[in-house]
Amino acid sequence: MGPKAKPRAKARRNGECVAIARKAVVLLGPPGAGKGTQAKIVEEKLGLPKISTGDILRDAVRCGTPLGLAAKRHMDEGRLVPDEVMIGIIRERTSRADCSPGFILDGFPRTIPQAESLDGILTEEGIDLYAIVIKIGDETAGRRLAGRRSCPNCGRIYNIHLSPSARGEFCEVCGAQLEQRSDDSEQVVAGRLAVYHAQTEPLVSYYRERGRLYEVDGERPVEDISRDILNMLGRKM
Ligand code: AMP
């Protein structure tokens, strides 16, 4: 903890008030690796809030806010939204009360400047970081994104080939009509993968050099991947 670090979160254990270590879990990996799916599972199992920058931006686009209007053209073309915008979003979101025990980041950081800013926020707050990269090849990513469908209402993610909804084109949880994300189209996906390799993949070395990286093979069933992630986090929590 640096000199500006804030006190750690407090919890009651056996009637005593004890300081608990706060954890930030960063999920890395190309689009289609299953970060959103795994973040939701970790959120449910560990009770830490999931922060998906893609979801925050898509909500802003849907609501037509100034953020949404500014982000839309970058997203439609598969490019990254500027770092200063994203860092502002994360600084605000992680300062809310529900993040006091820690949080899971899905889709942030995506560049070295974002990772450096996150390090600054975590040091100020006295939060430990665990970065997990879910590894898949480009071919798998392309195939998965082409089949991905999501529920615009409850956020549940399906894949028409691997994990279809029991109700076909409708969400089996809430019944809403499933949608394909506009940036999952074949033309945009190639660009998103190129952006991942150029701008986000360097984060794997960034966290490895700092002794913060855990690697999981993402080309396996969802349950196998989440078991590895939860085991790894369970040992660290
Ligand atoms: P995702 O849902 O994580 O695949 O994100 C969808 C799109 O939102 C990306 O292709 C980017 O245009 C934008 N986006 C999400 N997170 C970030 C981020 N951390 N930095 C820059 N752009 C982002």
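What's counted below: heavy atoms across the whole structure, side chains too, no hydrogens, waters or symmetry copies. Counting starts at 1 for both ligands and their atoms, in listed order.
Residue contact check for ligand 1: K35 places no non-hydrogen atom closer than 4.0 Å to it.
Considering only non-hydrogen protein atoms, atom 13 (C) of ligand 1 sits nearest to L57 CD1, 3.5 Å. Counting only heavy atoms of the protein, atom 16 (N) of ligand 1 lies nearest to T53 OG1, 2.8 Å. Looking from atom 12 (O) of ligand 1 to the surrounding protein, the closest heavy atom is R79 O, 2.6 Å. Among protein heavy atoms, the minimum distance from atom 22 (N) of ligand 1 is reached at V81 N, 3.0 Å. Looking only at heavy atoms of the protein, atom 7 (C) of ligand 1 is closest to M75 CE, 4.0 Å. If you check which protein heavy atom lies closest to atom 19 (N) of ligand 1, you get G107 O, 2.8 Å.
A donor-acceptor pair is defined here as one N or O able to donate and one able to accept, closer than 3.5 Å; such a pair exists between the side chain of N159 and the backbone of R144. A donor-acceptor pair is defined here as one N or O able to donate and one able to accept, closer than 3.5 Å; no such pair exists between the side chain of E219 and the backbone of T140. With hydrogens and angles ignored, the 3.5 Å screen pairs a side-chain donor or acceptor of R212 with a backbone N or O of L129.
Remark: ligand 1 atoms within the under-4.0 Å shell around heavy atoms of R58 are 2 (O), 6 (C). Short contacts between ligand 1 and M86, defined as distances under 4.0 Å to a heavy atom of the residue, involve ligand atoms 16 (N), 17 (C), 18 (C), 19 (N), 20 (N), 21 (C). Residue R192 has at least one heavy-atom neighbour below 4.0 Å for each of these atoms of ligand 1: 4 (O).
The cationic atom of R210 (NZ for Lys, CZ for Arg) lies less than 6.0 Å from the six-membered ring centre of Y206 and within 45° of the ring axis.
Atom-to-atom distance recorded for F108:CZ and I89:CD1 is 9.0 Å, nearest 0.5 angstrom. Interatomic distance, CZ of R181 versus CD1 of I157, reported as 8.0 Å (0.5 Å rounding). If you take CG on D59 and OG1 on T65, they are separated by 9.0 Å, rounding to the nearest 0.5 Å.
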Decide yes or no on salt bridge (Lys or Arg N to Asp or Glu O under 4.0 Å) for D83 and R110, but give the supporting numbers first.
CA-CA 9 Å; D83 285 337; R110 262 184 156 94; over 6 Å; no
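The shortest N/O to N/O separation between D106 and ligand 1 does not fall below 3.5 Å.
For atom 9 (C) of ligand 1, the choice among Q199, R110, Q114, H74 with the nearest heavy atom turns out to be R110.
Counting heavy atoms closer than 4.0 Å to ligand 1, residue R181 contributes side-chain atoms (C-beta onward) but none from N, CA, C or O.
Remark: E172 CD is packed, more than 12 non-hydrogen atoms of other residues, nucleotides or ligands lying under 6.0 Å away.
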